[in-house]
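A short write-up of the structure that comes next.
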2 protein chains.
Amino acid sequence: MADVAKLAGVSGQTVSRVVNGNDRVTAATRLKVETAMKQLGYRANIAARALATGRFGTIGVVTFNLSAVLNVRIVEAVATGAQARGYSVSIAVVDAPTEKDVRAAVRGLTDRAVDGVIVIEARVLDTPHLQLSDEVPLVIADSKAAHRHPTFGMDEAAGARAAVDHLLELGHATVHHVAGPAGSNPAQRRRAAWQRLLKRAGRAIPPPVVGDWSPRSGYDAALRLLADDSVTAVFAANDQMAVGVLRAAAELGRRVPGDLSVVGFDDLDFAPFLTPPLTTVRQDLAAVGRRCLEHLIAQIETPAGPVTASGTSRFVRPELVVRASTAPPRR
Amino acid sequence: MADVAKLAGVSGQTVSRVVNGNDRVTAATRLKVETAMKQLGYRANIAARALATGRFGTIGVVTFNLSAVLNVRIVEAVATGAQARGYSVSIAVVDAPTEKDVRAAVRGLTDRAVDGVIVIEARVLDTPHLQLSDEVPLVIADSKAAHRHPTFGMDEAAGARAAVDHLLELGHATVHHVAGPAGSNPAQRRRAAWQRLLKRAGRAIPPPVVGDWSPRSGYDAALRLLADDSVTAVFAANDQMAVGVLRAAAELGRRVPGDLSVVGFDDLDFAPFLTPPLTTVRQDLAAVGRRCLEHLIAQIETPAGPVTASGTSRFVRPELVVRASTAPPRR
DNA sequence: ACTCTTCTTGTTTACGCAAACATGCATATC
DNA sequence: GATATGCATGTTTGCGTAAACAAGAAGAGT
C-alpha cells in the first residue's frame, strides 16, 4: 500500500479510501491511485484489514455429513450467494450431531475469523433454546423453529400432508411410513405430521419403520413392511429410501403402483427416471440457503438491525410432484 | 494476550510461546499461563497471527457445481482432513469451467488469505500446462495429468476398461457409450478409453451419445440409442445417466439385462437398489481428496520440500462392481 | 473582505500477534 | 572458582491496514 501511495503521490490513507469505495476522493486522485494500483498489481492484505476493522468478510457454515444431498444444496446456495455479496465461505463438517460437537465447530469457526455462522440442521433436540454463539450472528437452517437463533427451513408438515393426502385421496385405507433417523428434525417432523394426519382422518396408524436416509435402509424397511400383504401405500421420508422401497417391492413381486403406491421426499434429479417414475415432494433447499444467507448478512451488516428474536423463522413450502408410483389401490 | 500475560505474571511473548506449542517454556510457567488463559477465556486472534506470520491456516477449494456428487465427495474428504490437521477450508464455487473463471476464483481465494488451493477438475483443456497460481501451492483433483500443478485423480482408463471388458467378455458384439459432457476431463478420458478398447478388440465403434451427467440426458441419449434394435450393451459415463438409460429401456420394452446390458460409473449409494441393481464402476473419490490434501499440506509446511513438477500425479484405480444389469446378449 | 462551512487529503495511532534480538540465570567444564 | 554453555524469559519491533483526528484549501454567506 505504501508503494502505491508513493507512486500515486498521495498518502496511504487515500489509497485505503480508494480501495474501500467512495469515501470522498476526487476523481483525479482516484484515477492516479487506481493506475498506480494496477501498475503495481496491488492487492489488499486481508489479514491486516481484518486486524484493523475486526471484520473478516467470511461466513462459516457448519454441517453434518456433506454427502447428504440435502445439505449440499444449501451449502451450494450459500456459497454462491456469499460470493456474490463479497463474502467467502468456510465450512466445518461435524461428525456427530451432538451439541458438544456443534458447539466446538462453531467455536472453531469463530476462532477462525468469521463474521457469522450458518448451522445446517441443529439436530440437538434436547436443548429447547439452544444458544450456539453469542459473539457472532448465527442462523440455523432447520425445520424446527424452537431455536434461539433465527431459523429457516422447509415446511415439513405441509410436505408430509401433501404426500399423505394424495395417497388417502387415491383411496388407500392408510399410509405406511419409512421414517428418517430419530435424531433428525426433518425426519421427526415428517413423521409427526404423517401420524397427525392419519389420526385426524381417523385411519389406522401403523408403526413407522425407521431408516437412516440411505437406500439400503429403505430397502430393509420395505422388506419388513411388505411382509404384510395389506400394505398398499408407503410414504418414504426421502427419495433415497424410496429407491430402496421400490427395489424391495420389485423383489417381492409387488407391482408399483398397481399393488403398492410409493411417495418419496426431495425430488432428487433421478426421481423422474426411476421405475416407475417416483411421485415425491419437491423441496427447494436452495431457497432455504438463500434466506439464511440474506438474514445473516443483514445481521452482520446492520448489527442492531433485524431484531430477530426466536420468533423470526420462516418456512418454505414444498410441493407434491405426482408421477407414476402412485395409483388407487386394487380392490 | 496482554491481559493473560499480566495475570500470569509473564511477558506477552511467553504467552505466545505457550499458545504455539512447545517452544521452551517451563512446565510451571506454562501452567500459570494456561490457567490464566482459561480464566480469561483467551482466544488467539487469527487475523493478527496471520498478519504477523503471513500464514493463515486455511486451504481454499475451487469447484464447479457442488451438486455433482462426485465433487462433493472430494470436498468432504478435504474438509474433514483439513480440520483434523488444523486447517479450515474456504470454498469457491465457479459457474463456468473456463480458464478465466477458475483463475478469478483462485485469485479471489488467495486475496482472501489461503495457504494453498485445491482445484477440483480443471476442465480447461486448451491450455496444456495451465499455471493457476504462483503465489501459493496449488494441487488439482482431476483425471488429466498434463497440468503444471500436481494432480491426483481417478484412473479413468482403468475404470472404462473394466466396464468395456466386462461387457465384451459377456459376449456383446460391441458396446455403446453415453458420454459425459465434452468439457469434462473424466468424461473425455472415459470416452477415449472406451473407444481405444473397442478398436483394440477390433469391434465396431458406434458414435457415442453425449450427455451432461444428468439422468435426463441419459434418458434422452438412450431413447436415441435404442431406436437401433441391435444395441445390446450400453456403458454410461456415470450412474445418474445410467438411471436414465434404465428408464428409457423400460419404456421401450427392452428388458435389462435380458435385451440390454447397462454399466454405470461411480457406484452411488442407490446403484444396488435400482431395477435392476446396476453394474457399475466404483470410484473412491474420498481417497483422491485425501491425497490432494496431504500433498498440499506437505507443500505448505515444507516450502521447498516435495519437488513436485508436473510429473507428480497419481491415480486411484476404480473397481468394477458386477450386479444384475449385465448379462450375455440374447442370440 | 472576512468568517464560517464543507470537502479533500495527510498524520498519527492502534489493531494483536510473533520474529528477532537481548538478557539473565543456572548448570557444566576446566 | 572463573569462564563457557545452554536455556528460559523479556524487550523491541514490524506485519498492512483503517479509524480518529488534524490540517489545509476552496467556496458560500454576510
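Naming convention: chains lettered A, B, ... in sequence-line order (proteins, then strands); numbering from 1 in each chain.
Terminal axes of the helix from dA1(C)-dT30(D) to dC30(C)-dG1(D) (five pairs each, C1' rotation axis) are separated by 40°, to the nearest 10°.
With rounding to whole Å, Asp111(B) atom CG is found 15 Å from dG16(D) atom P.
Annotation: side chain to side chain donor-acceptor pair (under 3.5 Å) contacts of Ser143(A) (sequence neighbours excluded): Glu156(A). Listed by chain and number, the residues in a side chain to side chain contact (heavy atoms under 4.5 Å, CB included) with Glu76(A) are Thr80(A), Asn65(B), Leu66(B), Ser67(B), Val93(B) (sequence neighbours excluded). The salt bridge (Lys or Arg N to Asp or Glu O under 4.0 Å) check on Asp95(B) picks up nothing, with sequence neighbours excluded. For Asp155(B), the salt bridge (Lys or Arg N to Asp or Glu O under 4.0 Å) partners two or more places apart in sequence, or in a different chain, are Arg317(B). Partners of Arg43(B) by side chain to side chain donor-acceptor pair (under 3.5 Å), not counting sequence neighbours, listed by chain and number: Thr110(A), Asp111(A), Glu135(A). Evaluation of the side chain to side chain contact (heavy atoms under 4.5 Å, CB included) rule for Met1(B) yields Val15(B), Ser16(B), Tyr42(B) as partners, not counting sequence neighbours.
Using modelled atom types and a 3.5 Å distance limit, the side chains of Gln83(A) and Ser88(A) yield no donor-acceptor pair.
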For residues 5-13 of chain B, which side-chain N or O atoms pair as donor and acceptor with protein atoms under 3.5 Å away, sequence neighbours left out?
{"from": "Ser11(B)", "atom 1": "OG", "to": "Gln13(B)", "atom 2": "N", "distance (Å)": "3.4"}
{"from": "Ser11(B)", "atom 1": "OG", "to": "Thr14(B)", "atom 2": "N", "distance (Å)": "3.3"}
{"from": "Ser11(B)", "atom 1": "OG", "to": "Thr14(B)", "atom 2": "OG1", "distance (Å)": "3.3"}

Check nucleotides 9-16 of chain C for protein N or O atoms closer than 3.5 Å to its own N or O atoms and list the pairs.
{"from": "dT9(C)", "atom 1": "OP1", "to": "Thr26(A)", "atom 2": "OG1", "distance (Å)": "3.0"}
{"from": "dT9(C)", "atom 1": "OP1", "to": "Thr29(A)", "atom 2": "OG1", "distance (Å)": "3.1"}
{"from": "dT9(C)", "atom 1": "OP2", "to": "Thr26(A)", "atom 2": "N", "distance (Å)": "2.9"}
{"from": "dT9(C)", "atom 1": "OP2", "to": "Thr26(A)", "atom 2": "OG1", "distance (Å)": "3.4"}
{"from": "dT9(C)", "atom 1": "OP2", "to": "Thr29(A)", "atom 2": "OG1", "distance (Å)": "3.1"}
{"from": "dG10(C)", "atom 1": "OP2", "to": "Ser11(A)", "atom 2": "N", "distance (Å)": "2.9"}
{"from": "dG10(C)", "atom 1": "OP2", "to": "Ser11(A)", "atom 2": "OG", "distance (Å)": "3.2"}
{"from": "dG10(C)", "atom 1": "OP2", "to": "Thr14(A)", "atom 2": "OG1", "distance (Å)": "2.8"}
{"from": "dG10(C)", "atom 1": "N7", "to": "Arg17(A)", "atom 2": "NH2", "distance (Å)": "2.8"}
{"from": "dG16(C)", "atom 1": "N2", "to": "Ala48(B)", "atom 2": "O", "distance (Å)": "3.3"}

